[in-house]
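Notes to accompany the following structure.
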Amino acid sequence: MSGTAAARVTAAVKVYGSGEVEVRALDEVTLGFETGRFTAIMGPSGSGKSTLMHCAAGLDTLTSGQAHIGGTELGSLSDKKLTVLRRERVGFVFQAFNLLPTLTVAENITLPQDLAGSRVDQEWTEALIDVVGLGDRLRHRPSELSGGQQQRVAVARALASRPEVVFADEPTGNLDSRSGEEVLGLLGRAVHEMGRTVVMVTHDPVAAAHADEVVFLADGRLSGRMPQPTAERVLDQLKSYDRAEAAR
Amino acid sequence: MSADSRAGASAGGSARTALRISLASLRTHRRRFAGTFSAVLLGVAFLTGTLVMGDTLRAGFDTLFGNATSGTDAVVRTEGVITTSDDAMGTRGPLRTAASLRAVRGTPGVAAAEPSIEGAGQLVGAGGQPVGGKGPPTTAGNWIHDKELNPYELARGRAPRASGEAVVNEGAAESGKLKIGDVTTLRTPDPVRVKIVGLATFGGESGMGKATFTGLTRADAEKYLMPEPGMAASIRVRAEDGTSQGQLAERLEAALPKGVEAVTGDEAAEENSENVSGQFLTLFTSMLLVFSGIALLVAVFSIHNTFAIVVAQRTRENALLRALGASRRQVLGTTLGEAAAVGAVASAVGLAAGIGMAAGLQALFPAIGFPFPEEVLVIKGLSLLLPLGAGLVVCLGSALLPAVRAGRTAPLAALRETAAEHSRVSRVRAAVGVVLGAAGAGLTVLGAASGSRSVTLTASGAVAVLAAFVVLGPVAAALAVRVAGRPVARLRGTVGALAQRNALRSPKRTAATAGALMIGVAVVTLFTVFASSLKAMMDETVSRNFAGDVAVSTPGFGAGGSGLSPRLAPAVQRLPEVDTALGLGKGVARVNGVGQELTVTDPAALPRVLHLGEVDGSLTGLGAHGMAVSRSEAADHGWRPGSTATLAFTDGTEERFTVRAVYETSELTGDYVITHRAWAPHRTQDTDSLLAVSFEDGVSQAAGEAAVERVAERYGEPDVQTREEYAQSSAAGIDMMLTLVYALLGLAVLIALLGIANTLTLAVYERTRELGLLRSVGQTRGQLRAMVRWESVLVAAFGTAGGLGLGAFLGWALVRATDSRGVSVFSLPPLQLTAVAMAGVLAGLLAGWRPARRAARLDVLRAVAA
């Protein structure tokens, strides 16, 4: 199983602060994200879902345990190597502020490759632009696009370097339901039609239902997994956590 | 409206709230105001230091002269003093001692009276080098035996008794490595052998500043320093106990012959002190004040910029305040309160730093061999109030517009996602700028073209051009960054392109940031161009006017040195290699009531060594009452050959002179030429200031030079120079001044760089999320640092380019406007200007260093999550 994981964490612990204010955001989490799958991470606020994603993606470092992208252990990498890894092997979609306001749509999409100074795969990029449906907006600035369009550009940017894994942090958090649906549809196509791997943090059961599997976190621990999720089942699961929380 | 009036009702409470918010915001964002703080601090410190140092020096000189002349109750001297435009101190004619001394000694209340002979005399040190003379005067006189009347005090050895004996001041002895018993040469300017028999102090110090003094016997002093025996510069008088200085002067005045006056000792001391402190110090301090003004002007730019950015970044905060019921005035007050707090603290620290600087300099003076009376620092109220006021006004004035803008924030802006860093360049701005610039340039060119009579025209044009540069800044910034950024983008790929786009985001901000550097660079360029043009002009003057083969002149400039021996010219003339050796001496006279410098020489020989251009009339046979004048003077007075004018001399005599010739070029010749015979009755100490020599046909330059040098050796070894060397040596003083100016402008440039660094720091703060995004999608720390540094370089390059252009244009205008004779030369020194350009760009790199490092140290995740 772990051999086919695009990204995984092993016995991951993340502690913020120390002494009385110590917070264990991640507590011995072991989890793999399989290649070619769309995984959603869910959980109540403070459950550690964003921390898990940041550590798995090499944006943050673990207090103990290991994080791998493919066969590379992240803890041993220098800042520079980590940066290059993010640039070449990982894609990101954030909740907001995904694009540089000074660059055009086209320049934003190829930014990671431009930073690397590597050749841009024209065919692949054009195909991506086709898929996200922004062919007529390439010379526009982000401020001239709607929120949904901006997130679609972000998805294209995340996929442009054919990364091993794309991490999306609440990618639909700021969008209306129709735009959100479009972005989620794009992420789904990336996995099922282009063979990419996507890991998405969300608090929205409807968004989570687009994934192949939902992973639930509570209090920094893995608390459950749900293959083939639907919005109703996810919602029920979350409610059960809330009841457990209330009972305690 | 109603909110404003209600706020007015509880003005005290609202002001307190505004102040509390200002202080809280200052505490939170201390870093943002670091640039403002340092700019004000530096400006205020420099201003304070200048004022305190100036007052302290002035007081020091006053004490020095007061101590030295405290025993002199009255000074008797001739009335006639002639000042010229070059010499405000003036020349006073010598006194016939015998008659006046008799009158003085016969006056009741006089305890003692001694003649005082003063002239120029340069000592030669033990190593054969002249002592002093690079600015401060080299003086010689008679050693006055009455201790009270002699400003110098014998410290060691004895007074001169026999001819050839001399007392020198300790400072001169030390720098010339001379000691009692040594025999050396005193150039008066004729070399005189003197044996040092004593060392003297002045007012308790080793000398009067760096001036040197040699005291001779009265007979020697009369012989070498006065036109004839029995003369002196003045008579020093001491009163008997019970007679006041005023009474003494009054009684003397009544007893003295016509044309001779008496002033009190205090007055004379004040005049002397004024001659040193009043002229040198006033010039020096006003120059320093001008440069602190420039530094503060530059500070205005960077402070204004800081506040503009801070207000823009705080739009949502201010809008929230407004939405919650804060009045416009309260929001405005909050920003002004911050400015006032920063200004007050920075000014206070600046005051302390300035006083510390002055104290440090004071301590440094004795260390560099400049004797100075042990004095406490003189700190006048004005020296504190002026810098403090300047600091506050600069700070508040710069923050005023941004504060007004803050007050105008609409409450709704709290709800909008507004980009702080965004501005467009309006067409109106471009149009206003172009019109202003064209008008300014037009005025400047018009003023410059019509010469010195329209300096005000040029100056107002220059101010308009400066204003146009400020107005057009944003327009030009966008264009310049686009052009300059292209090679950067090509060179550094995405990093370069990002840097360029960042600099382009807000052309207004880029222009304001670069504006500070632009002014600094413009002033540097202005001085560089002006100095280079002056040098070129001197060079051209020499090549246009000097027809001889070598020139002999004394080294140094200003009051130092003692001129050339008048016997040098005849001695050189006797050489077989020499065709003509002509000495040019200087005299003064009041021509039709206006003090003028005269050139005393042999007019008939003049055309053989100097080019005079077209000459009307004849230069031969001018005699005792003929003169030659320049074309421009002749035109001013309406003279033609045959016209007459009255010349009044320092000895009180007036004579009618006839214009015999009018010549064209006057740069080396001067405006008035008279013969030795005409000058002889009125002369003081005989010296030539220039010896122009032309060789016989067939004599090589080397052979001629060697021959002249051999003769010059016997007359104090003055410099024998070829034309080129002569031209260069006349420009040596300019280089010295330029170095000083550069050092002083360093402060303004430093403040400008702090401004750039500060703006970048603010920008980094503002772009935190963006930088986080860049880092998360794969920008390395190195790339991020490079991006910030390149932005800094682009901004600096824009400022430098603007400054070079502005400075060169204003330099051209200054050269033309100060040219009254139409002989100016405009020269752009390519080497220096390239150096200035490179320094500007390098400075940009330096200014970007810290902000770049700080940006690279950003925690990626925090930035993204922010």
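Throughout, protein chains are lettered first and strands after them, A, B, ... in sequence-line order, and every chain is numbered starting at 1. Note that the structure is predicted; figures quoted are calculated from it, not measured.
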- Query: Side-chain donor-acceptor pair under 3.5 Å between A/R86 and B/S776, yes or no?
  - Reply: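 Side-chain D/A pair, A/R86 to B/S776: absent.
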- Message: Suppose a student defines contact as a heavy atom less than 4.5 Å from any heavy atom of chain B. Which residues in residues 153-167 of chain A would they list?
- Response: A/R157
- Query: Listed by residue number, which members of residues 112-126 of chain A have a heavy atom under 4.5 Å from any heavy atom of chain B?
  - Reply: A/P112, A/D114, A/L115
- CZ/B/R850: more than 12 non-hydrogen atoms of other groups inside 6.0 Å: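 No, the 6.0 Å shell around CZ holds no more than 12 heavy atoms from other groups.
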- Is the number of heavy atoms from other residues, nucleotides or ligands within 6.0 Å of CZ (B/R854) greater than 12? yes
- Give, for atom CD of B/Q500 and atom OG1 of A/T102, the distance between the pair rounded to the nearest 0.5 Å. 10.0 Å
- Rounded to the nearest 0.5 Å, what separation is found between the CG atom of B/L773 and the CG atom of A/L100?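 Those atoms lie 5.5 Å apart.
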- What pair of heavy atoms forms the shortest contact from A/T104 to B/R501, and how long is it? N-NH1, 4.4 Å
- Task: Heavy atoms only: give me the nearest A/A96-B/R769 pair and the separation to one decimal.
- Result: O-NH2, 4.2 Å
- Item | Atom group of B/Q783 that falls short of 4.5 Å from chain A, counting heavy atoms |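 Just the side chain, heavy atoms under 4.5 Å.
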- Task: Below 4.5 Å from any heavy atom of chain A, which atoms of B/L498 appear? Answer side chain, backbone, both or neither.
- Result: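 Only the side chain of B/L498 comes within 4.5 Å of chain A.
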- Residues forming a side-chain hydrogen bond (donor to acceptor under 3.5 Å, both in side chains) with A/H203, sequence neighbours excluded: A/E170
- Task: Under the salt bridge (charged side-chain N to carboxylate O under 4.0 Å, His left out) rule, collect the residues that match up with A/R152, sequence neighbours excluded.
- Result: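 Expected list: A/E182.
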- Using non-hydrogen atoms only, which part of A/L103 is less than 4.5 Å away from chain B: side chain, backbone, both, or neither? both
- Message: Report which part of A/E107 has an atom under 4.5 Å of a heavy atom belonging to chain B: side chain, backbone, both, or neither.
- Response: side chain
